[in-house]
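So the structure is just underneath, and the comments pick up after that.
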Number of protein chains: 2
Amino acid sequence: MSTKLTSSVIEAWAGLVRTERAVSDRIEERLKNAGLPPLDWYHVLHEVDRSPKGMMRQSGVQSRTQLAQYNLCRLVDRLEGEGLVERHQCQVDGRNNVVVITAKGRALHRAMWPVYAAAIEEQFGARLSPAEAEQLAHLLARVAPV
Amino acid sequence: MSTKLTSSVIEAWAGLVRTERAVSDRIEERLKNAGLPPLDWYHVLHEVDRSPKGMMRQSGVQSRTQLAQYNLCRLVDRLEGEGLVERHQCQVDGRNNVVVITAKGRALHRAMWPVYAAAIEEQFGARLSPAEAEQLAHLLARVAPV
DNA sequence: TAGACACATATGCATCTGCATATAATGCAA
DNA sequence: TTGCATTATATGCAGATGCATATGTGTCTA
């Protein structure tokens with residue numbers, strides 16, 4: 001079982017989980033209070049909106065958002081139901097869906113960002129100096145599994 | 001709306017979310033492959049087991065684990081159903097439940113740790129030098145909302 | 001001591017998630 | 001071309017979660 005697991009690693013991991021949950025919860029709360037949908041909706045809209053022509057293969061959205069396949073599938077169902085995106089079958093490879101953002105989707109994306117941004121700053125950024133933020137970003141970029 | 005939100009803060013936040021999700025997912029996978037229950041079960045057992053006499057008020061478990069009240073309530077239902085903990089009404093204040101770990105609960109707690117520990121090391125610790133782990137633990141301790 | 005409030009826990013219901021598997025299009029080998 | 005593995009997406013069902021609110025207990029105050 002030879003664990004080389006040190007206490008700093010355990011503390012770092014525990015801190016990571018705790019911070020992510022606490023900050024995420026508060027961000028979700030802000031969104032809800034502003035009458036906006038959950039963060040996952042934002043992340044999907046964000047990926048599609050920022051990609052060329054506002055369209056992206058569904059599998060691409062999946063790998064960018066790290067959502068489970070069946071989970072993203074049903075989230076796109078909901079977004080489609082709200083008229084925020086459209087699903088088109090890919091001409092080149094009939095297996096793929098292309099998710100296309102609508103004007104309404106772009107509008108929601110734009111409306112969510114200020115609330116999201118303010119919540120990140122308030123719950124997270126404000127607790128870090130610029131140097132610390134950079135250090136943290138750098139460390140996490142190194143540790144993130146590809 | 002004056003956001004002072006810098007791009008390092010955004011990167012740090014995105015990295016935090018990505019890392020937490022990816023590593024958690026892989027840890028859950030290891031537990032499942034080992035025929036063990038999800039991480040939340042571990043965290044509850046851990047808090048109760050390590051507290052004096054292996055008992056803790058349910059509200060205490062809640063604040064330690066950061067689980068939602070109704071969520072913890074039903075998780076304790078499940079743990080109780082599996083004979084891993086017992087619920088007793090508190091003698092002093094009838095509103096409180098006291099969650100008491102059973103021998104079976106302790107055994108499961110002990111059985112889960114090696115798998116959990118190995119997964120943390122493999123998915124997380126191994127990607128960090130000792131100095132980086134310490135730095136990360138320190139940064140996250142500062143940023144974690146109380 | 002009655003009434004109002006606060007606190008800890010529980011629960012009905014709708015929604016969401018995870019799992020296994022289905023459907024459907026593609027590619028590749030014989 | 002047929003047959004089989006591969007890739008992308010969807011879905012039935014069981015279980016978990018979020019929300020609002022219920023239940024039961026304690027505390028404080030007039």
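In this text, all values refer to a predicted model and were calculated from it rather than measured experimentally. For the numbers below, each heavy atom of this structure counts, side chains included, while hydrogens, waters and symmetry mates do not. Chain identifiers are assigned alphabetically (A, B, ...) following the order of the sequence lines, protein sequences preceding nucleic acid strands; residue numbering begins at 1 within each chain.
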Across the strands shown, which category fits B:Gln62 at heavy-atom distances under 4.0 angstrom: base, sugar-phosphate, nothing?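 B:Gln62: no heavy atom of the nucleic acid under 4.0 Å.
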Counting any heavy atom closer than 4.0 Å, what does B:Arg78 reach on the DNA or RNA strands: base, sugar-phosphate only, or nothing?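 Touches sugar-phosphate only.
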In whole Å, what is the span from the [atom1] atom of [X] to the [atom2] atom of [N]?
X: B:Asp93; N: D:dC28; atom1: CG; atom2: C1'; answer: 15 Å
X: A:Leu31; N: D:dG18; atom1: CG; atom2: P; answer: 15 Å
X: B:Leu79; N: D:dA16; atom1: CG; atom2: P; answer: 11 Å
X: B:Arg57; N: C:dT9; atom1: CZ; atom2: C1'; answer: 13 Å
X: A:Asn71; N: D:dT9; atom1: CG; atom2: P; answer: 14 Å
X: A:Leu72; N: D:dA10; atom1: CG; atom2: C1'; answer: 12 Å
X: A:Gln66; N: C:dT17; atom1: CD; atom2: C1'; answer: 17 Å
X: B:Tyr70; N: C:dC13; atom1: OH; atom2: P; answer: 18 Å

Which one, [options], comes nearest to the side chain of [X]?
X: B:Cys73; options: D:dG18, D:dT11, C:dT9; value: C:dT9
X: A:Arg95; options: D:dG18, D:dT6, C:dT17; value: D:dT6
X: B:Asp40; options: D:dT17, D:dG26, D:dT11; value: D:dT17

Does [N] have OP1 or OP2 sitting under 4.0 Å from an N or O in the side chain of [X]?
X: A:Ser59; N: D:dT9; result: yes
X: B:Asn97; N: C:dA8; result: no
X: B:Asn96; N: C:dA8; result: no
X: A:Gln58; N: D:dA10; result: yes

Is [X] reaching over with its side chain to a backbone N or O of [Y], donor-acceptor style, under 3.5 angstrom?
X: B:Arg127; Y: B:Gln123; answer: yes
X: A:Glu28; Y: A:Pro38; answer: no
X: A:Ser24; Y: A:Arg21; answer: no

Could you check whether the side chain of B:Arg74 and the base of D:dG15 have a donor-acceptor pair of N or O atoms closer than 3.5 Å, going by distance alone?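 By the distance-only test, no, there is no pair.
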Heavy-atom donor-acceptor pair, B:Gln69 side-chain to C:dA10 base, under 3.5 Å: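 Checked by distance alone, the answer is yes.
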Assign each of A:Leu75 and B:Asp77 to its nearest nucleotide of DNA chain C by heavy atoms, then name whichever residue's nucleotide is nearer the 5' end.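 Taking each residue's closest nucleotide, the earlier one in sequence belongs to B:Asp77.
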One thing to verify: whether B:Arg26 and B:Glu122 come together as a salt bridge, which I'm taking to mean a side-chain N less than 4.0 angstrom from a carboxylate O.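 Judged by the 4.0 Å cut-off on N to carboxylate O distance, B:Glu122 and B:Arg26 do not form a salt bridge.
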Straight-line distance of B:Gln58 CD to B:Cys73 SG, nearest 0.5 Å: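 It comes to 5.5 Å.
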